There are 2 protein chains.
Amino acid sequence: MKDKRVTIDDVAAAAGVSRQTVSRAINDLPGISIATRERILTTAQQLGYRPSGIARGLANAGQRTRTFGVVVPTIDNEFYAAVLHGIKDLTSARDYHVFLVDTNEDPATEYRRIQSLFSLWIDGLIICSSRMEDQQLAEICSQLRPVILLNREFIHPHAGNVLIDDAEGTESAVRHLVECGHKRIGMILGMPVSRSSENRRQGYLRAMHQAGLPVEPGWMLHTGAQLDAAYTAGKPYLQAHPELTALVVYNDVRAAGLLRACAELGIAVPGRLSLASHDNITLASLVTPSLTTVDIPKYEMGRRGAVMMLDMLTDRRLQPETIRLTPRLVERESTATPNAKGAPIQ
Amino acid sequence: MKDKRVTIDDVAAAAGVSRQTVSRAINDLPGISIATRERILTTAQQLGYRPSGIARGLANAGQRTRTFGVVVPTIDNEFYAAVLHGIKDLTSARDYHVFLVDTNEDPATEYRRIQSLFSLWIDGLIICSSRMEDQQLAEICSQLRPVILLNREFIHPHAGNVLIDDAEGTESAVRHLVECGHKRIGMILGMPVSRSSENRRQGYLRAMHQAGLPVEPGWMLHTGAQLDAAYTAGKPYLQAHPELTALVVYNDVRAAGLLRACAELGIAVPGRLSLASHDNITLASLVTPSLTTVDIPKYEMGRRGAVMMLDMLTDRRLQPETIRLTPRLVERESTATPNAKGAPIQ
DNA sequence: CCGGTTTACGTGAGCGCTCACGTTTTCGAG
DNA sequence: CTCGAAAACGTGAGCGCTCACGTAAACCGG
């Protein structure tokens with residue numbers, strides 16, 4: 001800290017060569033004999049020389065700082081933690097570093113923090129479940145390449161996509177409930193700004209339509225991201241809609257909140273009310289009853305995104321792709337045939 | 001991207017002043033009239049000028065890049081996600097950016113990735129539950145200030161500490177079990193490299209000793225970090241030790257794994273076996289039975305660490321502190337009086 | 001042993017800022 | 001009106017690298 005930093009010039013002087021030759025040795029570039037390369041690397045080692053990423057970034061005008069940003073709505077949700085985990089392994093192996101941005105589910109914060117990241121000359125950006133408008137995404141893509149969008153479709157020559165078919169996932173959940181014999185099925189949605197929530201809503205409506213089942217507007221409810229929020233909002237909702245025998249829930253966290261509400265209201269799950277949710281995070285299999293849920297390949301999503309990003313960074317001519325991953329319904333205890341008489345709950 | 005970057009010189013030229021004057025305006029430094037400051041800021045705005053953090057970092061020889069590193073053993077565990085959440089709010093508000101490092105619970109990876117981070121001239125470092133040796137920590141502290149250690153005690157003039165009294169937490173859990181009437185109490189430990197695990201083991205031994213209860217070496221078991229690992233290792237352990245009526249578990253994730261093992265073995269919890277664990281993450285209250293657990297103020301831990309770090313960055317003369325947070329036992333369903341006859345399990 | 005090519009190096013310049021000065025202008029006291 | 005100090009602004013230099021060159025040495029066939 002206090003003792004002067006070791007620079008490339010120090011190494012050059014110690015090895016009796018020019019700065020450029022040291023650079024060649026360090027970066028494994030041609031135009032240097034094997035003997036001198038060895039010698040330079042040894043003295044660099046001895047001096048404890050560590051090339052400055054900052055100076056490198058400046059020198060090549062921000063072409064590569066070996067850093068990129070990863071943006072998630074909230075690190076608190078295991079879903080995003082799993083995505084991050086998929087990104088991390090690749091990153092660590094290739095010696096990149098990631099700036100983590102948590103937007104608190106707020107589009108304005110998302111935009112502001114990403115803009116702020118740009119001053120650090122990041123090489124690329126992975127945005128998970130972006131809540132921003134298309135226009136803002138376009139602006140960001142115009143300033144940077146590549147930008148990889150996870151769980152959010154956006155077409156742009158700089159933007160790659162890793163998507164899961166949200167509508168299809170929800171449809172499969174609704175179909176499952178219909179096959180169980182349910183006719184009055186409600187839906188708990190996510191935040192209004194969430195695209196996934198909207199897509200899943202579309203899937204719900206489509207599946208209900210195809211099954212020839214009616215949907216009341218009051219059967220759909222938006223809730224906050226936290227378990228408590230779903231619990232709080234869910235309680236009056238459940239009381240107001242005793243006619244429902246099944247619910248499709250936006251994600252497992254909210255389903256857990258509803259489970260608690262059901263327990264307090266004396267609504268048996270799946271006896272009186274069946275619950276099917278999305279994500280398949282750890283708690284889905286741990287709560288009682290365990291949750292029937294649409295599994296999203298979270299780790300895979302992160303991993304594929306990171307692969308695309310690093311590939312595009314390695315070969316700048318590479319074009320971004322659109323990868324579609326398929327969700328898969330996992331049947332557990334929270335769904336069952338409605339009670340014999342088909343009687344409304346309560 | 002393609003269009004040239006806007007630099008400070010572009011702004012200077014456009015505003016008809018020198019580069020330095022623009023710098024004064026941007027950084028709110030004295031020696032500039034209010035009128036010109038306004039004018040410069042306006043033209044900077046119009047040109048879309050964004051000062052380069054990279055160039056700034058280089059220019060002041062790495063005194064402040066407004067970035068720091070956060071190191072966690074694994075982002076997959078909600079515990080660390082919560083700590084990160086506590087760090088994030090402060091960071092975002094003060095416009096700092098964090099490099100996230102996930103070490104995969106491996107000390108060698110931890111060391112390697114931190115060294116690699118140094119080339120990016122980070123201003124500071126927050127290490128959560130470090131698995132490294134004291135000697136390696138000392139080396140890192142000698143290269144950087146401040147370093148904030150969460151959940152790991154280490155004395156160094158550059159290092160701040162935010163600690164929780166692990167031993168005391170475990171003692172309170174054991175005392176609770178003893179008060180319930182348990183006499184043969186085992187312990188499920190974490191990874192051998194984990195300091196928390198070792199501290200909690202000490203607390204367990206001390207509490208057992210104070211209660212005048214015996215401890216068999218075979219009653220202690222190390223397991224991996226994942227739920228499955230605890231489940232797999234726990235099953236034979238439970239079968240081999242039918243004499244135990246209660247278990248103190250290193251953390252909630254492992255307790256959930258044991259719960260599953262118990263269910264499959266037909267061991268009623270808390271009927272035949274009581275479980276008390278640590279952390280109080282979300283799933284602790286969601287599993288059945290809900291877990292009696294030692295609550296660790298995770299968010300607070302992260303927040304206090306971030307506060308200390310940013311304060312020390314703002315005023316470099318500030319000395320690092322050692323903050324001790326107290327754990328608190330949360331009683332739930334997984335602990336109870338052993339069955340009447342005090343009979344061994346099975 | 002000589003001209004031309006390859007291989008091995010060295011030399012400026014510059015990336016976009018900040019720092020430590022230097023220079024000019026303003027302005028009020030004597 | 002003069003002088004000196006404070007305010008307002010400008011001028012190198014340099015942070016630690018890389019890039020595009022330039023130059024000297026080694027090599028090689030004729």
Side-chain angles (χ1 to χ4, degrees), chain A residues 1 3-41 43-44 47-67 118-123 316, chain B residues 1 3-41 43-44 47-67 118-123 316:
Chain A
M1 192 61 191
D3 40 338
K4 281 273 289 169
R5 218 186 289 269
V6 180
T7 77
I8 198 173
D9 287 310
D10 298 330
V11 178
V17 294
S18 78
R19 191 190 321 136
Q20 179 60 16
T21 302
V22 176
S23 177
R24 276 186 271 253
I26 298 292
N27 297 300
D28 212 38
L29 294 172
I32 183 176
S33 72
I34 297 172
T36 43
R37 183 195 305 280
E38 293 294 316
R39 186 163 48 89
I40 289 169
L41 290 180
T43 60
L47 295 178
Y49 169 67
R50 193 187 315 282
S52 162
I54 297 292
R56 273 186 173 155
L58 223 212
N60 52 203
Q63 280 304 290
R64 44 205 169 91
T65 50
R66 295 191 82 80
T67 65
F118 281 162
S119 70
L120 266 12
W121 291 6
I122 48 174
D123 288 348
R316 309 294 297 202
Chain B
M1 192 61 191
D3 41 337
K4 280 274 289 170
R5 218 185 288 269
V6 180
T7 77
I8 198 173
D9 287 310
D10 298 330
V11 179
V17 293
S18 78
R19 191 190 323 137
Q20 179 60 17
T21 302
V22 176
S23 177
R24 277 186 270 254
I26 298 292
N27 296 300
D28 212 39
L29 295 172
I32 184 175
S33 73
I34 297 171
T36 44
R37 182 196 305 280
E38 293 293 317
R39 185 162 50 87
I40 289 169
L41 290 179
T43 61
L47 294 179
Y49 169 67
R50 192 186 315 282
S52 163
I54 298 292
R56 275 186 171 155
L58 224 213
N60 53 200
Q63 282 303 291
R64 43 205 170 89
T65 51
R66 295 193 81 81
T67 65
F118 281 162
S119 70
L120 266 13
W121 292 6
I122 49 175
D123 288 349
R316 308 294 297 203

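Remember, predicted model here, so these are calculated numbers, not experimental data.
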Undergrad: Quick one: which of dA20(D), dT18(C), dC17(D) gets closest to the side chain of Ala55(A)?
TA: dC17(D)
Undergrad: Take the protein atom CG of Leu58(B) and the nucleotide atom P of dG14(C), then report the distance between them rounded to whole Å.
TA: 17 Å
Undergrad: Which nucleotide sits closest to the side chain of Gln20(B): dC19(C), dC17(C), dG10(C)?
TA: dC19(C)
Undergrad: Going by number, which of residues 29-39 of chain A have a non-hydrogen atom under 4.0 Å from DNA chain D?
TA: none
Undergrad: To the nearest Å, how far apart are Asn60(A) CG and dA20(D) P?
TA: 11 Å
Undergrad: If we only count heavy atoms from C-beta on, is the Tyr49(B) to Thr43(B) side-chain gap below 4.5 Å?
TA: no
Undergrad: Between Asn27(B) and dT18(C), is there a side-chain N or O to OP1/OP2 distance below 4.0 Å?
TA: yes
Undergrad: Among dT11(D), dG10(C), dG16(C), which nucleotide has an atom closest to any side-chain atom of Thr7(B)?
TA: dG16(C)
Undergrad: For the pair Asn27(B) (side chain) and Arg24(B) (backbone), establish whether a donor and an acceptor sit closer than 3.5 Å, ignoring hydrogens and angles.
TA: no
Undergrad: Below the 4.0 Å mark, does dC9(D) have OP1 or OP2 next to a side-chain nitrogen or oxygen of Thr21(B)?
TA: no
Undergrad: Take the protein atom CZ of Arg56(B) and the nucleotide atom C1' of dC19(C), then report the distance between them rounded to whole Å.
TA: 14 Å
Undergrad: Go through the N and O atoms of the side chain of Arg19(B) and the base of dT18(C), and report whether any donor-acceptor pair is under 3.5 Å.
TA: yes
Undergrad: Are the side chains of Leu120(B) and Thr67(A) in touch, meaning some heavy atoms are under 4.5 Å apart?
TA: yes
Undergrad: Whole angstroms only, please: what is the CD1-C1' distance between Ile54(B) and dT18(D)?
TA: 14 Å
Undergrad: How about Asp10(A) and Arg5(A): do any of their side-chain heavy atoms sit closer than 4.5 Å?
TA: no
Undergrad: Find out whether Thr65(B) and Ile54(A) are in side-chain contact, i.e. whether some heavy atom of one side chain is under 4.5 Å from a heavy atom of the other.
TA: yes
Undergrad: Let me know the distance between CG of Asp9(B) and C1' of dG12(D), rounded to the nearest Å.
TA: 13 Å
Undergrad: Phosphate oxygens OP1/OP2 of dC19(D): is one of them under 4.0 Å from a side-chain N or O of Arg64(A)?
TA: yes
Undergrad: From the options Asp9(A), Ile8(A), Thr7(A), Leu41(A), select the one residue that forms a side-chain contact (heavy atoms from CB on, under 4.5 Å) with Val22(A).
TA: Ile8(A)
Undergrad: Taking the side chain of Arg24(A) as its heavy atoms from C-beta onward, which of dC17(C), dG10(C), dC17(D) lies nearest to it?
TA: dG10(C)
Undergrad: Is the side chain of Arg66(B) donor-acceptor paired with the backbone N or O of Gly53(B) at a distance under 3.5 Å, no angle test?
TA: no
Undergrad: Ser18(A) side chain N/O closer than 4.0 Å to the phosphate oxygens (OP1, OP2) of dC9(C)?
TA: no
Undergrad: When the nearest nucleotide of DNA chain D is assigned to Arg50(A) and to Gly16(B) on a heavy-atom basis, which residue is associated with the more 5' position?
TA: Gly16(B)
Undergrad: Round to a whole Å and report the spacing from CZ of Arg5(B) to P of dC15(C).
TA: 12 Å
Undergrad: Atom CG of Asp28(A) and atom C1' of dT18(D): how far apart are they, to the nearest Å?
TA: 16 Å
Undergrad: Do Arg37(B) and Ile34(B) make a side-chain contact, defined as non-hydrogen atoms from C-beta onward lying under 4.5 Å apart?
TA: no
Undergrad: In whole Å, I'd like the distance from the CD1 atom of Ile8(A) to the P atom of dG10(C).
TA: 12 Å
